[in-house]
Amino acid sequence: MAAASAGLESSLEWSLGGGVEAPPAPARSRIFKIIVIGDSNVGKTCLTYRFCAGRFPDRTEATIGVDFRERPVLIDGEPLKIQLWDTAGQERFRKSMVQHYYRNVHAVVFVYDMTNIASFQSLPSWIEECKQHLLASDIPRILVGNKCDLRNSLQVPTDLAQKFADTHSMPLFETSAKNPNDNDHVEAIFMTLAHKLKSHKPLMLSQPPDDGILLKSETKSSMACWC
């Protein structure tokens, strides 16, 4: 009986950490929330899906409200989580969610359809919406022209888009989410933004889903773009 009691005490001593250090808790990954903004049908969902799943979605439907996709990445040896928040481009689907959408934002990606001049002309209103929700001016922003593979249907010249990007101090990318050959470029856009965020906002978010470098101009690729 004494032996059993001693064994129990020994067991309790071990479980309560008597002289034995508990194993260190695993480090939490920093979570960065990137919102993707633009009109309906510009390809926001396809871009986020390409980066997070590595492929073009089999079928797409209009986003209702807000959706987000998450991908763990390793940057300079540190594990991070990138959350891409994709919002409905149609106002009737946005009203109830928009306040939550802009909470704790670390970066903004503005997207337009290179084959639809109206989606490009809408960009000032999306920029204004960001201002209305008091996003800090130092939050990284990038401009992405999507669907550059549809070369015969392009309506937004690169020089026009570049002038707009320069006016608003944003780097410009022209890309496509569709062609698997362009996966590396879509990857480069978001990974460069992730590198920027790593040094820009050392913030740890404890809640899950609440959540370029300012990319150098030579990083911009408007030449070899695929879909």
Side-chain angles (χ1 to χ4, degrees), residues 25-40 42-57 60-90 93-112 126-127 129-144 146 170-171 173 175 177 183-215:
R28 290 191 299 172
S29 298
R30 286 193 288 172
I31 301 173
F32 292 110
K33 176 180 177 179
I34 302 172
I35 58 174
V36 184
I37 294 177
D39 283 1
S40 296
V42 297
K44 302 185 299 295
T45 298
C46 295
L47 284 168
T48 61
Y49 200 90
R50 168 67 75 184
F51 176 70
C52 293
R55 61 185 178 85
F56 193 74
T60 58
E61 298 176 358
T63 301
I64 308 294
V66 175
D67 193 9
F68 80 94
R69 294 172 180 82
E70 185 176 90
R71 173 176 158 181
V73 297
L74 193 66
I75 297 180
D76 300 329
E78 180 183 353
L80 305 172
K81 285 185 180 178
I82 302 301
Q83 284 184 352
L84 298 181
W85 284 59
D86 171 20
T87 180
Q90 298 177 17
F93 293 141
R94 293 171 52 82
K95 286 184 177 179
S96 61
M97 298 294 294
V98 72
Q99 198 67 41
H100 181 73
Y101 183 69
Y102 279 98
R103 190 178 303 152
N104 297 327
V105 168
H106 298 110
V108 183
V109 177
F110 296 98
V111 183
Y112 66 94
W126 292 110
I127 292 174
E129 183 175 283
C130 286
K131 290 180 181 177
Q132 290 174 359
H133 288 85
L134 305 177
L135 291 194
S137 59
D138 63 337
I139 287 178
R141 293 165 166 84
I142 67 174
L143 178 62
V144 175
N146 191 30
M170 293 187 289
F173 291 90
T175 189
N183 189 31
D184 286 344
H185 187 58
V186 172
E187 174 99 351
I189 293 173
F190 288 107
M191 285 302 292
T192 311
L193 189 54
H195 275 274
K196 172 66 176 177
L197 289 172
K198 181 179 181 293
S199 57
H200 184 78
K201 290 274 187 181
L203 176 66
M204 175 80 76
L205 293 181
S206 55
Q207 66 272 33
D210 224 23
D211 242 276
I213 196 170
L214 263 192
L215 306 170

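For the single chain, residues carry numbers from 1 onward in sequence order. None of the values given here were measured: they were computed from a predicted structure.
The minimum heavy-atom distance linking Pro140 with Leu197 is given by the pair CG-CD2, 4.2 Å. Contact detail for His106 and Phe32: the closest heavy-atom pair is ND1-CA, 3.4 Å. Closest of all the heavy-atom pairs between Leu74 and Pro79 is CD1-N, 3.5 Å. The two residues Ile37 and Ile35 have their closest heavy-atom pair at CD1-CD1, 3.7 Å.
Residues Met191 and Ile82 form no side-chain contact, since every pair of their non-hydrogen atoms from C-beta on lies 4.5 Å or further apart. Phe173 has its side chain out of reach of Val186: every pair of non-hydrogen atoms, C-beta onward, lies at least 4.5 Å apart. Residues Val105 and Cys130 have side chains not in contact (no heavy-atom distance under 4.5 Å, counting atoms from C-beta outward). The side-chain heavy atoms of Phe51 and Glu187, taken from C-beta on, include a pair separated by under 4.5 Å. Looking only at side-chain heavy atoms (C-beta outward), Leu47 and Asn146 come within less than 4.5 Å of each other. Side-chain contact between Val109 and Leu193 is present, with heavy atoms from C-beta onward closer than 4.5 Å. Between Glu78 and Arg30, the closest side-chain pair of non-hydrogen atoms falls below 4.5 Å.
The CZ atom of Arg103 sits 8.5 Å away from the CH2 atom of Trp85 when rounded to the nearest 0.5 Å. The distance from the CZ atom of Phe190 to the CG atom of Leu84 is 5.0 Å, given to the nearest 0.5 Å. For the atom pair Asn104 CG and Gln83 CD, the distance stands at 10.0 Å (nearest 0.5 Å). Between the CG atom of Leu80 and the NZ atom of Lys198 there is a distance of 7.0 Å, given to the nearest 0.5 Å. Note: Thr192 OG1 to Ile75 CD1 = 9.0 Å, rounded to the nearest 0.5 Å. Note: Ile34 CD1 to Asp86 CG = 13.0 Å, rounded to the nearest 0.5 Å.
In this structure a side-chain-to-backbone donor-acceptor pair under 3.5 Å is present from Lys44 to Gly38.
Within the cation-pi definition used here (under 6.0 Å to the ring centroid, within 45° of the axis), Arg141 does not qualify as a partner of Phe110.
Side-chain atoms of Tyr102 and Glu129 include a donor-acceptor pair closer than 3.5 Å.
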